[in-house]
Amino acid sequence: MPELPEVETVRRGLIPYLEGHTLVRVDRRRKDLRIPFPRGFVKRLAGGRVLRLSRRAKYLLFHMADETVLIIHLGMSGRMTVTPPGQDAGKPGKHDHVIFETDAGAVITFNDVRRFGLMTLTDEVGLDDHKLIRDLGPEPLGNEFSDAYFSDILRGRKTPIKAALLDQKIVAGIGNIYACEALYRAGISPRRLADSVAGVRATRLAPAVRDVLNDAIAAGGSTLKDYVQADGELGYFQHSFAVYGREGEPCPDCDCDGSVERIVQSGRSTFFCAKRQI
DNA sequence: CTTACGGCCTGTACGC
DNA sequence: TGCGTACAGGCCGTAA
């Protein structure tokens with residue numbers, strides 16, 4: 001998916017078209033994605049005004065004027081595309097599942113081939129307690145994700161650190177790409193048990209996580225084949241991946257003479273340099 | 001409580 | 001050309 005930087009990039013791309021605008025049309029073209037759309041989905045949104053877009057972990061949130069909150073997850077292959085006012089959006093494609101049109105004439109289309117994404121509704125009062133939101137760990141770019149917090153929560157865990165980074169209850173928003181990249185930057189083996197990262201290594205890894213996410217956001221999110229930035233422009237952080245998708249290539253940033261290996265951990269590919277990452 | 005694993009769904013790339 | 005297999009950015013429910 002879209003990991004945190006991509007969702008953040010989508011959010012920023014959508015803001016000019018949605019914030020302060022009324023949804024004059026909401027077209028829900030199937031009854032479910034990963035979960036069913038809630039009852040009254042179209043009715044509760046159509047005619048409503050979008051006050052603000054926010055993000056929690058990989059969830060994109062539309063805050064409506066009537067205190068409804070639309071929760072969106074892009075899953076593995078979800079995208080948001082914008083057709084600016086005055087342009088013809090054309091006919092919906094096969095995997096265009098939800099289409100919004102604003103009072104200004106912009107058309108925002110949610111497309112998700114694999115349908116691992118979701119949309120549901122809650123309200124402002126219930127947002128923090130919503131089952132999709134309540135168990136999420138701290139935002140990696142927020143103050144709560146301190147070196148001390150990270151060290152403490154890793155202590156005693158017997159799972160590999162790579163899996164711990166993917167655990168949204170430990171820290172929210174990191175996916176497979178940025179888990180690999182952060183471990184590379186920190187020089188920590190993805191196979192090392194989380195417990196052994198508690199302490200000094202956590203004080204290297206936490207900043208590496210923040211840095212790689214910030215770099216990716218600054219670059220406009222990375223782009224793989226299923227991801228298109230909200231404004232249709234392509235992000236270019238993928239050119240900066242040190243290890244992700246680079247199996248067999250020389251380790252890019254050290255004189256270690258190593259090469260990038262791919263292993264499988266809990267069913268997901270991990271890319272790393274065994275010489276640099278100890 | 002923590003951890004591991006299968007399943008969800010479609011498309012694409014690759015080997016034979 | 002066709003067919004089978006592996007793999008893809010995530011997450012949840014279940015079982016141990």
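In what follows, chains are A, B, ... by sequence order, proteins preceding strands, each numbered from 1. Since we're looking at a predicted model, the values are computed, not measured.
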Between dT3(B), dG10(C), dT10(B), which nucleotide gets closest to the side-chain atoms of K158(A)? dT3(B)
Rounded to whole Å, the CZ-P distance (R79(A) to dC9(B)) equals 20 Å
To the nearest 0.5 Å, atom NZ of K58(A) lies from atom CG of L4(A) at 8.5 Å
Indicate, with a heavy-atom threshold strictly under 4.0 Å, whether L193(A) touches base, sugar-phosphate, or nothing. nothing
Please state whether the phosphate of dT2(B), meaning OP1 or OP2, lies under 4.0 angstrom from any side-chain nitrogen or oxygen of R157(A). yes
Whole angstroms only, please: what is the CG-P distance between L154(A) and dT3(B)? 10 Å
Has S269(A) got a side-chain N or O lying under 4.0 Å from the OP1 or OP2 atom of dA8(C)? yes
Determine the contact category for S266(A): base if any of its heavy atoms lies under 4.0 Å from a base atom, sugar-phosphate if only primed atoms, P, OP1 or OP2 are that close, otherwise nothing. nothing
Between P of dT2(B) and CG of D167(A), the distance in whole Å: 9 Å
Are any side-chain N or O atoms of S151(A) and backbone N or O atoms of G199(A), one a donor and one an acceptor, separated by less than 3.5 Å? yes
Assert: residue with more 5' nearest nucleotide on DNA chain B, out of K169(A) and F116(A), is K169(A)
As a test of reading the structure: which of dC11(C), dG11(B), dA8(C) is closest to the side chain of Q168(A), going by heavy atoms? dC11(C)
Looking only at the aromatic ring of each residue, does the gap between the centers of F145(A) and F150(A) stay below 6.0 angstrom? yes
Starting from C1' on dG10(C), measure out to CD1 on I35(A) and report it in whole angstrom. 14 Å
Side-chain donor-acceptor pair under 3.5 Å between K94(A) and N111(A), yes or no? no
Does R262(A) place a side-chain N or O at less than 4.0 Å from the phosphate oxygens OP1/OP2 of dC7(C)? yes
Candidates dA8(C), dG11(B), dC11(C) - which lies nearest the side chain of H95(A): dG11(B)
Would you tell me if any nitrogen or oxygen in the side chain of K94(A) comes within less than 4.0 Å of OP1 or OP2 on dT10(B)? no
Nearest-angstrom distance from the residue atom CG of D135(A) to P of dC11(C): 13 Å
Nearest-neighbour nucleotide for the L132(A) side chain, dC12(C), dT2(B), dC11(C) considered: dC12(C)
Spacing between N111(A) atom CG and dC9(B) atom C1', to the nearest angstrom: 14 Å
Distance-only donor-acceptor test, R115(A) side-chain atoms vs dC9(B) base atoms, 3.5 Å: no
Would you say the side-chain atoms of E139(A) pair up with the backbone N or O of A172(A), donor to acceptor, closer than 3.5 Å? no
Same-atom distance (P) from dC5(B) to dC7(C), integer angstrom: 16 Å
Which nucleotide, in any strand shown, forms a Watson-Crick or G-U wobble pair with dA13(B), with both distances under 3.5 Å? dT5(C)
In terms of side-chain heavy atoms of M76(A), which of dT10(B), dG10(C), dC12(C) is nearest? dG10(C)
Rounded to whole angstrom, note down the P distance from dG11(B) over to dC12(C). 24 Å
H73(A) side chain N/O closer than 4.0 Å to the phosphate oxygens (OP1, OP2) of dC11(C)? yes
Round to a whole Å and report the spacing from CG of D96(A) to P of dT10(B). 15 Å
Over how many whole Å does the gap from D112(A) atom CG to dG10(C) atom C1' extend? 11 Å
Smallest separation among heavy atoms of L165(A) and A179(A), with atom names: CD1-O, 3.9 Å
What nucleic acid atoms does R268(A) come within less than 4.0 Å of, heavy atoms only: base, sugar-phosphate, or nothing? base
